[in-house]
Amino acid sequence: MKWSQTLIPTLKESPSEAEIDSHKLMIRAGLIRRITAGAYAYLPLGTLVLNKVINIVREEMNKAGAIEVFLPALQPLNLLEESGRLNVFGDDLITFVDRHGKTTALCPTHEEMITDIVRNEVNSYRQLPMTLYQIQTKFRDETRPRFGVLRSKEFIMKDAYSFDVDYEGLNKSYKLMYDAYCRIFDRCGLDYIVVEADSGAMGGDVSHEFMVPSGVGEDILIRCLKCGYSANRERAEVAPIPGENRSSLNPLKEVHTPAKRTIQEVSAFLKVSPDRMVKTMIYISNGQPVAVLLRGDHEVNETKLTKVLGLENAVLADQNTIEHITGAHVGFAGPVGLNIKIIADQAVSVLQNFVTGANKSDMHLLNVNHERDFKIDRIANVRYVTKGDKCPKCNNVLDVSQGIEIGHVFKLGTKYSDALRAKFLDNSGVEKSAIMGCYGIGVNRIIASFIERSHDENGIIWSLSLAPYHVIVIPVNVNDPDSMNAANNIYDELKNDAGIEVLLDDRDQRPGVKFKDADLIGIPIKIIIGKKFTENKEIEIKLRKTGETFLVKPEDVKSKVKSFIDTLSKA
RNA sequence: CGGGGCGUAGCGCAGUUUGGCUAGCGCGCCUGCCUUGGGAGCAGGAGGUCGGAGGUUCAAAUCCUCUCGCCCCGACCA
């Protein structure tokens, strides 16, 4: 492609709409333009990259035995009603009323639709196992789209769904997808890690998230850098905190803490650090109030709490309920004298002489100790991991960092096949629900997260596999016939060689502009026809990533480029 | 959905507090000259319903009311 014949609108200045590096660079390098909040147009360069990613995904899916389908973006509401997810999606669902007055949704995901197809078309174990996938735009009315294509209202997702006759089959299908995901992200050149994620109410095996470590990621990763344990924040376990010496229980003491409600306020007022304090949170579960005790510097993990309490989800009690139960204003709850069920986090169970609310307004208690002052009904692990916590497997200090979720593999079981009655007859003629798995990849996120990890002050640094072009040919002076001739020859020669994608910067621009643009759009290999050529017929080859330069004779350019492509494709 | 901010040329911004002549600057764009190894220089030029509607006023980018859009923080995120 010749630069003058395509559309690559690069920008010198950063657009004000962008906050993070990948977003800025995608706009500056002319990959995307925003159309409205959460919706982006892919320009020619962006489209090339998008297609690179999609091709890799498609190849690896096919290799893993998955079958591609293409499903509508329009979905009737009744399928979502059937599965019970109409309420789950709620306002995230984008709907419209058609001319006949029927309400239709734009698919936020396709579990229901794919299950609907399978229940209609698959009736026998002989047709299973089967994994279907598609690459399609999904629509969600995100409350707050941000970070460019990292969180947008419409985004391209590869979603696959496996159907098996039993759990053993599901495990095989799952493994095939898991391995395919590794190959996909490897081929893209992404630095990624796999973390255990919560599998929700299904129980059973864990799911896995594929994450790109990044400070702009919206997910929190808990990792042990020693033994390799890794999980997301919802899922991560901690090693129990060892008990303190219980020999010296100080006498219980009530203190006046006027209008000091939060841990920070009480901590500052009493000069007691938050990890010597216990906060008491009143939850309602199955219609019954429960007190949850957490150390002052810890946060409740509602996913874990819900599991501990049973399947019924737990919600924080409202102000009136709290005041009725504790007899005090919000902010002064404590376990002493409280006559409801008390669940204590493990970290609380080993504390002694701690500070809590007194269940009297403007009062706290010092030197509280369980057993002596109150009784714990149940000790459980209901908090998030924080800095300083130890690995549940090897007791090393856990690393807390952020990441961007680019893929998720998930064992669904029979949740949707039950709800939507996707059944088949097994080899003994018994009707069974298909055992499902679902597997998603955020295609746009691969691009953004790659750029987050691979850029410098001059621009994007593409891997060979994602680069919109492998090579950019830069004739420094397009008005010099000899240079231009040589450039055109090299361009033709490389272009006609299968597998080499080449861009010719034929613009009549000053060299600085062309070099800056080439760096900004991140083409891995630059071929420069300039001073060295007019002087002694030498062509310069420069690598974007390392900045290394090589001088070669015109007739050797092709073989040299091919060897670079060979090397870079293995990197 | 709560809190904050912004909307002036394709992009980045000044001007708004304290209303006043033809609305400015940098980049980009067009023409010409010059230049050709890291976003050159000179000269000339095009491009604006100042987000929109209504109001106050002799006079509105500037003040008032309503409205639309966008960004940031938080909540939310199968």
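Just so we're on the same page: letters track the sequence lines, and every chain starts at 1. Since we're looking at a predicted model, the values are computed, not measured. Values below: every heavy atom of this structure, side chains too, minus hydrogens, waters and symmetry copies.
- At the heavy-atom level, Thr143(A) lies under 4.0 Å from base atoms of the strands shown.
- One finds a side-chain N or O of Arg146(A) lying less than 4.0 angstrom from the OP1 or OP2 phosphate oxygen of C73(B).
- Rounded to an integer number of Å, the gap from CG of Asp456(A) to C1' of G38(B) is 13 Å.
- Side-chain to base pairing of Asp517(A) with G39(B): one donor and one acceptor N or O lie within less than 3.5 Å of each other.
- Base contact: Glu540(A) has a heavy atom under 4.0 Å from a base atom.
- In this structure, of C71(B), G69(B), G39(B), it is C71(B) that holds the atom nearest to the side chain of Ala37(A).
- One can find a donor-acceptor pair under 3.5 Å joining the base of U36(B) and the side-chain atoms of Asn479(A).
- No side-chain N or O of His208(A) forms a donor-acceptor pair with one of Glu196(A) less than 3.5 Å apart.
- For Ser14(A) and C11(B), the shortest distance from a side-chain N or O to OP1 or OP2 is not below 4.0 Å.
- The base of G38(B) sits within donor-acceptor range of the side chain of Lys542(A), with an N or O pair under 3.5 Å.
- Here Lys532(A) lies in heavy-atom contact (under 4.0 Å) with a base.
- Between the side chain of Glu13(A) and the base of G28(B) there is no donor-acceptor pair of N/O atoms closer than 3.5 Å.
- Here the side chain of Arg510(A) is nearest to one of C71(B), G37(B), U36(B), namely U36(B).
- The number of heavy-atom neighbours closer than 6.0 Å to NZ of Lys537(A), taken from other residues, nucleotides and ligands shown, is above 12.
- Asp91(A) comes within contact range of no nucleotide atom at all, as no heavy-atom separation falls under 4.0 Å.
- Put simply, Ser16(A) has a side-chain N or O that comes within less than 4.0 Å of OP1 or OP2 on G12(B).
- With a cut-off of 3.5 Å on both Watson-Crick or G-U wobble distances, the partner of C70(B) is given as G5(B).
- Here U36(B) is the nucleotide among G37(B), C70(B), U36(B) with the atom lying nearest to any side-chain atom of Asn477(A).
- Judged purely by distance below 3.5 Å, without hydrogens or angles, the side chains of Glu112(A) and Ser83(A) pair a donor atom with an acceptor atom.
- For Arg28(A) against G39(B), a side-chain N or O and a base N or O form a donor-acceptor pair under 3.5 Å.
- Not a single donor-acceptor contact under 3.5 angstrom links the side-chain atoms of Arg144(A) to the base of C77(B).
- Relative to the side chain of Val513(A), the nucleotides U36(B), G28(B), A40(B) differ in distance, and A40(B) lies closest.
- Protein atom CG of Asp141(A) is 12 Å distant from nucleotide atom C1' of C76(B), rounded to whole Å.
- Taking for each of Gly440(A) and Asp508(A) the nucleotide of RNA chain B with the nearest heavy atom, the 5'-most of the two is the partner of Asp508(A).
- Contact of Asp519(A) with G38(B) (side chain to base): a donor-acceptor pair of N or O atoms is detected under 3.5 Å.
- When the P atom is compared between A9(B) and G74(B), the two are found 31 Å apart, to the nearest whole Å.
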